[in-house]
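Numbers for residues simply follow the sequence, beginning at 1. Atoms within each ligand, like the ligands themselves, are counted from 1 in listed order.
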Amino acid sequence: MITIPQVVTIAGIDSSGGAGINADMKTFHNQKVCSATIVTGLTAQNNYGVQKILPTNKDFILAQFDSVFSDLEISAAKTGALFDTAQVEGVIQGLKKYKPKHLVVDPVMVAKGGAILLTKEAIDLIKDELLPLAELVTPNLEEAEVMTGYQITDENSLLNSLHDIQKLGAKNVLIKGGHGQGELVRDYLLLTDGSVSTYDSKRLLTERTHGTGDTLSSYITAHLAMGESLREIMPNAKAFISEAISKTIMVGHGHGPLNHWVNIND
Ligand SMILES: Nc1ncnc2c1ncn2[C@@H]1O[C@H](COP(=O)(O)OP(=O)(O)OP(=O)(O)O)[C@@H](O)[C@H]1O
Ligand SMILES: Cc1ncc(CO)c(N)n1
């Protein structure tokens, strides 16, 4: 018999296959963990942007929680796109009921192409009630600004943001630098013990970066489920995302999807 870590992604489906649950499941499969899904919505989306959203309702979200958690042995969960306040309430209720050992919150707010995925009320609820449940929250630069209410203009304001987001209740905070500038992409990780580590990689000059955030947070979730620490996971997570961006697959137009077949141990 083979035992495989089991994880769940609580997120939306991307009709073009490159982001959201689709990216999560491909990453989980690549990293050899078994994944369940709690679907928060369907998107009519492609590599140009999001054309339409059909959110699932709170009752159906809770029904999926009951189905998944009454059967599978879930050791880690991650949240991705959540679309309205009632949904966020459902997700918080489900997480409080089933208490997965590890929870990664990816506070997806804006899709590549600029579509706003979350209302202001829902963002407040995420800050007040979802972040305190999270082992790790993974905002990009804009999402960090929305959470704190001030702009990140330099390293000082970035470090302040890390601490201010931790004060909202998340144990560990990762601010991702994909939307920054310069030759390097630098991600900043603040741990519970107050230490800050930075992770650099070469900025790959491509617009084919659909689903980078989902892929990174899924990779981390998979490895938390395997019992690794964030310090152990981060260098490999960065290597994986760089490899998945650089071994370009030509699918669709615009912000094309990543290559989820890569293996950083090759
Ligand atoms: N051009 C790039 N070259 C190398 N690494 C990148 C690049 N863009 C993003 N990354 C890496 O991908 C991960 C996700 O970062 P990013 O800031 O793009 O997140 P995100 O905005 O949440 O993604 P998404 O737009 O998919 O929601 C980070 O680890 C970041 O360092
Ligand atoms: C469904 C969905 N979730 C997350 C993102 C962000 O990558 C997206 N574009 N679409």
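Salt bridge status for K238 with D200: absent, with no side-chain N to carboxylate O gap under 4.0 Å. Note on K26 versus D214: no salt bridge recorded, every NZ/NE/NH1/NH2 to OD/OE distance being 4.0 Å or above. Salt bridge K101/E135: absent, no basic N to carboxylate O contact under 4.0 Å.
For ligand 1, one of its N or O atoms has an N or O atom of T212 under 3.5 Å away. Of the polar atoms of G177, none of the N or O atoms is found under 3.5 Å from an N or O of ligand 1, judged by distance alone. Considering backbone and side-chain N/O of H179, one or more are found under 3.5 Å from N/O of ligand 1. Between I245 and ligand 1, not a single N/O pair is under 3.5 Å apart. An N or O contact shorter than 3.5 Å is missing between E143 and ligand 1 by distance. Residue T43 places no N or O, backbone or side chain, under 3.5 Å from any N or O of ligand 2.
At distances below 3.5 Å, not a single donor-acceptor pair connects side-chain atoms of K127 with backbone N or O atoms of L168. A donor-acceptor pair is defined here as one N or O able to donate and one able to accept, closer than 3.5 Å; such a pair exists between the side chain of H255 and the backbone of E207. Formation of a donor-acceptor pair under 3.5 Å by the T43 side chain with backbone atoms of V50 is not found in this model. Side-chain atoms of Q6 do not come within 3.5 Å of backbone N or O of S75 as any donor-acceptor pair. Listed for the R203 side chain is a donor-acceptor partner under 3.5 Å among the backbone atoms of G178.
Relative to atom 6 (C) of ligand 2, the option among D106, D214, T215 with the closest non-hydrogen atom is D214. Residue nearest to atom 20 (P) of ligand 1, selected from K238, R208, K176: K176 (by heavy-atom distance). With distances taken over non-hydrogen atoms, the option nearest atom 30 (C) of ligand 1 out of V185, T138, N140, L216 is V185. When the options G213, G178, G211 are ranked by their closest heavy atom to atom 9 (C) of ligand 1, first place goes to G178. Considering each of A23, A11, G12, the one bringing a non-hydrogen atom nearest atom 1 (C) of ligand 2 is G12.
Under a 4.0 Å criterion applied to the non-hydrogen atoms of A81, ligand 2 contributes the atoms 3 (N). Heavy-atom proximity to K202, at under 4.0 Å, picks out these atoms of ligand 1: 3 (N), 4 (C). Every atom of ligand 1 is numbered from 1 in the order shown, and the set under 4.0 Å from a heavy atom of D187 is 28 (C), 29 (O), 30 (C), 31 (O).
For the 3.5 Å distance criterion, the side chains of T215 and H260 qualify, holding a donor opposite an acceptor.
Remark: distances from the non-hydrogen atoms of V108 to ligand 1 are all 4.0 Å or more.
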Salt bridge (Lys or Arg N to Asp or Glu O under 4.0 Å) between K58 and E89: does it pass, once the steps are laid out?
-> CA-CA 7 Å; K58 182 176 172 181; E89 280 169 9; 3.4 Å; yes
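Of all the heavy atoms of H210, none lies under 4.0 Å from any atom of ligand 1, so neither backbone nor side chain is involved.
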